[in-house]
Amino acid sequence: MRLRELMNQVKDLPPETLVCAAETDEAFAVNIAGVETVESARVESHKPDGTEAVELANGNEKVVVIRW
């Protein structure tokens with residue numbers, strides 16, 4: 001997912017809306033501990049298949065990481 005896609009999905013939500021993270025098909029989510037921008041990531045896959053897809057070093061792509 002790109003930041004543009006995320007922003008499109010949340011554009012009409014009030015700014016007080018809670019942000020959390022959950023695996024696909026989970027009944028519960030975790031609270032976000034932090035959001036980090038990584039400048040030197042290496043994307044290995046764009047598939048949302050639950051596998052590690054982005055190395056947070058050794059690359060030249062900017063990514064936003066939501067940590068829990």
Side-chain angles (χ1 to χ4, degrees):
M1 174 179 279
R2 299 287 180 176
L3 186 57
R4 178 184 321 275
E5 294 167 312
L6 176 62
M7 290 172 59
N8 263 346
Q9 290 184 24
V10 301
K11 66 182 176 196
D12 295 325
L13 294 176
E16 297 81 20
T17 302
L18 178 66
V19 176
C20 56
E23 294 180 33
T24 304
D25 298 327
E26 281 292 314
F28 291 91
V30 295
N31 290 324
I32 301 300
V35 177
E36 175 184 355
T37 302
V38 175
E39 302 281 341
S40 58
R42 184 171 62 126
V43 176
E44 296 179 8
S45 172
H46 289 280
K47 294 180 183 177
D49 59 4
T51 61
E52 291 184 358
V54 179
E55 182 179 355
L56 300 178
N58 303 318
N60 58 2
E61 193 160 345
K62 184 184 294 189
V63 299
V64 174
V65 179
I66 297 175
R67 300 210 185 254
W68 61 84

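With hydrophobic clusters built from ILVMFWY side chains whose heavy atoms lie under 4.5 angstrom apart, Val38 shares a cluster with Val43. No path of Ile, Leu, Val, Met, Phe, Trp and Tyr side chains, each step under 4.5 Å between heavy atoms, connects Val19 with Trp68, placing them in separate hydrophobic clusters. Follow the hydrophobic side-chain contacts under 4.5 Å out from Leu3 and you reach Val10 in the same cluster.
Nearest approach of Phe28 to Ala22, heavy atoms of both residues: O-CB, 3.5 Å. Contact between Asn58 and Arg42 at its shortest, heavy atoms only, is O-CD, 3.6 Å. What you find for Ile66 and Ile32 is that their closest heavy atoms are CG2-CD1, 2.9 Å.
Glu36 has no carboxylate O lying under 4.0 Å from a charged side-chain N of Lys62, or vice versa, which leaves the two without a salt bridge.
Open room surrounds CE on Met7; 12 or fewer heavy atoms of other groups in view lie less than 6.0 Å from it. With a 6.0 Å radius and a threshold of 12 heavy atoms from other residues, nucleotides or ligands, Asn8 has its CG atom above the threshold.
Pairs of residues two or more places apart, or lying in two chains, never qualify as side-chain hydrogen bond (donor to acceptor under 3.5 Å, both in side chains) while including a residue from residues 16-35.
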*Begin with the C-alpha distance, continue with both residues' side-chain angles, and end with the deciding distance and a verdict on salt bridge (Lys or Arg N to Asp or Glu O under 4.0 Å) for Glu52 and Lys47.*
CA-CA 10 Å; Glu52 291 184 358; Lys47 294 180 183 177; over 6 Å; no
_With side-chain contact (heavy atoms from CB on, under 4.5 Å) as the criterion, how do Leu56 and Val65 come out once you've worked through the C-alpha distance, each side chain's angles and the decisive distance to 0.1 Å?_
CA-CA 9 Å; Leu56 300 178; Val65 179; 3.7 Å; yes
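Put simply, the side chain of Arg2 reaches to within 4.5 Å of the side chain of His46, judged on heavy atoms.
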